[in-house]
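Just the heavy atoms: all of them, side chains too, but no hydrogens, waters or symmetry mates, feed the values below. Note on naming: letters A, B, ... go to the chains in the order of the sequence lines (proteins, then strands), and numbering restarts at 1 for each one.
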There are 2 protein chains.
Amino acid sequence: MRVSITDVARAAGVTPAVVSRVLNGDPTLQVREQTRDRVLTAARDLDYAPSHAARALRSSRSNTLGLAVHDMANPLYGEIIMGAQRAATDAGYVLLLADIDGLARGDVTFRRAVQGGAMDGLLLQRAGTAADRKIVKTASSRIPTVLLNDRSSALAAAALDDVGGSRLATRHLLELGHRRIGHLRLGGTSRSGARARGWRETLTQAGEEPRWLADGGHTIETGRQGMHELLAGPERPTAVVAGNVLAAVGALTAARESGLAVPDDLSLIAFHDIPYAAHLTPPLTTVAMPLHELGAAAVTLLLERLDGGKERQVVVREPPPRLVERGSTAPPG
Amino acid sequence: MRVSITDVARAAGVTPAVVSRVLNGDPTLQVREQTRDRVLTAARDLDYAPSHAARALRSSRSNTLGLAVHDMANPLYGEIIMGAQRAATDAGYVLLLADIDGLARGDVTFRRAVQGGAMDGLLLQRAGTAADRKIVKTASSRIPTVLLNDRSSALAAAALDDVGGSRLATRHLLELGHRRIGHLRLGGTSRSGARARGWRETLTQAGEEPRWLADGGHTIETGRQGMHELLAGPERPTAVVAGNVLAAVGALTAARESGLAVPDDLSLIAFHDIPYAAHLTPPLTTVAMPLHELGAAAVTLLLERLDGGKERQVVVREPPPRLVERGSTAPPG
DNA sequence: TTGGTCGGGAAAAACCTTTTACTAGCGTGG
DNA sequence: CCACGCTAGTAAAAGGTTTTTCCCGACCAA
């Protein structure tokens, strides 16, 4: 049926042990060049691939990493996942998908997968919900866990340079001549704090007062509400830094609903660049963050931990946040 | 270390075989109610979960399904994946992620995963590229494979009701009073044919001639080009059915570039509804297709095959395509 | 010759389940 | 009293790797 290591051994005229050690490059093995060749060609001829299950059983390593995210349909996560995917593949690992909300629904499938050793480690993107806490508890007590873009806890984590991105965005608006610059923060997560900090610090350094602040969340609808809040006061900001591109989409709608033209009456810049941003009206100016690299960094961190490394928290600064100028920012009218 | 079936057996005062058979509900097992309870409580107390690897090795079933897509960052695929995810979880299966383009890069990781029995079956979303053909060949000869939204081949597949969706879109435009209705087809895939067919048939039945046809691809940029092509002739269409929502985004840009106002000078309706569609200018009228259900259906199909079923092709008609009226369609000016 | 060392590989255990075949004990009918 | 059948399990094999220990022959030095 399947070709096993014994078949290869027979074909090469050696024992299975030798095949295993040759194929895995065991440095303690003494073997003649000739024999090694026989093994290698036999393996190739028979198109041999070791049984995932048997190997996992014996070595108690599944070469699999779990990946749990909230919303697959969010292109931001898609980007992160692709980065993680690639890094994992390059390291010979494979990615197992889990849906956080499914897990929280009391899914036995995931718990069994974690406990049963189906994955060696877990990448977790959380959003601060109750479901998250449950998952974190279930998983992190059993297998190494790395948080994606989050650093509020004692767990290992890979995060973006939120402060830097926020500074870049705010500085862009300042350079255009804006003074009254508001911020739509994410709310609820640690990223929220860092992004708000970059905005606040940059304004303070420029001698401006960071007065306009509202929660924009990370969905279109929450962004719309937040923007309305920001525009409600008697004195309005002339420019806004949105903590999330989806919130910015909603903010654009809110501006329109308030009778404000973007960018003539109000400039808007958002965190994260997605293809759609270029096709909104007006095209959205954004700060592109290295999402791909974030995913890769998280995987690297996890692999490190699997090799016995300590829990670390890293900030992905390479490549640095990049300003993508489009049509939603302009000098104040 | 890990708690194994032997530990549970010892705690319950029986042999491992009994534990296995009780936990898996072996109907041929004769066991006293009392003994069964002892086993069950022991398993619960020890928080036992069977080893994924050992079980896979013994039963040569990994309870894992592979999922290979092109572009995770595309929200359409995200939607499909979420549907697949859920259906798989409900059936006790877990999803393994693979990136087609990585695979085609000559990745050994995936080939080893397939051959090593890391997955029982594969869900494959292909786009007609050379990479696809390679993957299909590697995989489908070894494990059951189901195609997502594609039915051009001999393989099992789950597809959308493209003709129905296309009819719905075209009829909507006809009802608004349009006669000169064009189509931006996908190009390259079998879906292309079906969607074009729905458009053509509906027009013909209404006594109109299906004259305006161009390739819109499935990216923003190709959609833009296709739309320009459609608008190039001396006599222009007054309305267009776009085969893909991303192409429609590009088409919107193309219309603007041609100095045409949507919907006043040109109506546009697109396949697939995504949240962004509502926030374009103008908000895009779409036909929402059951993507979630498509993913679930594909999983069902795959599980069927794993249980020895025949290769089938299904069309997901439930829920039926749904018209989402927004601002990009209007009676002809 | 003997003792020692080294090269080249063999043997066997262990990893944890599942499954098939089998059995000890007991009651029952003939 | 014996054969039989039933209950309630038991025993053992199998699945494919990896890894540690072990072994045999050859060569070298004394």
Query - Whichever of B:Val31 and B:Arg58 has its nearest DNA chain D nucleotide further upstream toward 5' - result: B:Val31

Query raised in the report: Would a 4.5 Å heavy-atom cut-off, applied to side chains only, mark A:Leu122 and A:Arg142 as touching?
Result: no

Query raised in the report: Just to confirm, is there a sub-4.0 Å distance from OP1 or OP2 of D:dG9 to any side-chain nitrogen or oxygen of B:Arg32?
Result: yes

Report task. For B:Arg126 and B:Asn149, test the side chains for any donor-to-acceptor distance below 3.5 angstrom and give the result as yes or no. Result -> no

Requested in this report: Grab the CG-P distance between A:Asn63 and D:dT17 for me, whole Å please.
Outcome: 14 Å

Requested in this report: Check every strand shown and say whether A:Ser59 touches a base, only sugar-phosphate, or nothing at a heavy-atom separation below 4.0 Å.
Outcome: nothing

Query raised in the report: Reckon A:Asn24 touches a base, only the sugar-phosphate, or nothing at all at heavy-atom distances under 4.0 Å?
Result: sugar-phosphate

Query raised in the report: C:dG9 C1' sits how many Å from A:Gln34 CD, rounded?
Result: 13 Å

Report task. May I have the distance from B:Leu23 (atom CG) to D:dG9 (atom C1'), rounded to whole angstrom? Result -> 16 Å

Query - B:Asp26 CG to D:dA8 P, straight-line distance once rounded to whole Å - result: 15 Å

Requested in this report: Using whole Å, report how far CG of A:Leu29 lies from P of D:dC23.
Outcome: 19 Å

**Report entry** Atom-pair distance (CD on B:Gln30; C1' on C:dA21), nearest Å
**Finding:** 15 Å

Query raised in the report: How close or far is atom C1' of D:dG15 from atom CD1 of A:Ile5, stated in whole angstroms?
Result: 14 Å

**Report entry** Worked check of side-chain hydrogen bond (donor to acceptor under 3.5 Å, both in side chains) between A:Arg55 and A:Asn24
**Finding:** CA-CA 12 Å; A:Arg55 158 179 286 216; A:Asn24 295 323; 3.2 Å; yes

Query - N/O (side chain, B:Thr35) to phosphate O (OP1/OP2, D:dG9) under 4.0 Å - result: yes

Query raised in the report: Does OP1 or OP2 of C:dC16 have a side-chain N or O of B:Tyr48 closer than 4.0 Å?
Result: no

Query raised in the report: Taking CG from B:Leu57 and P from D:dG15, how many angstroms apart are they, rounded to a whole number?
Result: 9 Å

Query raised in the report: Considering only heavy atoms from C-beta outward, does the side chain of B:Thr15 approach that of B:Val18 to under 4.5 Å?
Result: yes

Report summary line: Ranking A:Arg2 and A:Val18 by the position along DNA chain D of their nearest nucleotide, the one closer to 5' is A:Arg2

Query raised in the report: Distance check: side-chain N/O of A:Ser20 vs OP1/OP2 of D:dT18, anything under 4.0 Å?
Result: yes

Query raised in the report: Quick one: is B:Thr15 getting a side-chain N or O under 4.0 Å of the D:dT10 phosphate, OP1 or OP2?
Result: yes

Requested in this report: Begin with the C-alpha distance, continue with both residues' side-chain angles, and end with the deciding distance and a verdict on salt bridge (charged side-chain N to carboxylate O under 4.0 Å, His left out) for A:Arg61 and A:Asp307.
Outcome: CA-CA 11 Å; A:Arg61 277 269 197 135; A:Asp307 286 341; 3.5 Å; yes

Report task. Please evaluate the base of D:dT10 for a donor-acceptor partner in the side chain of B:Arg21 within a cut-off of under 3.5 Å? Result -> yes

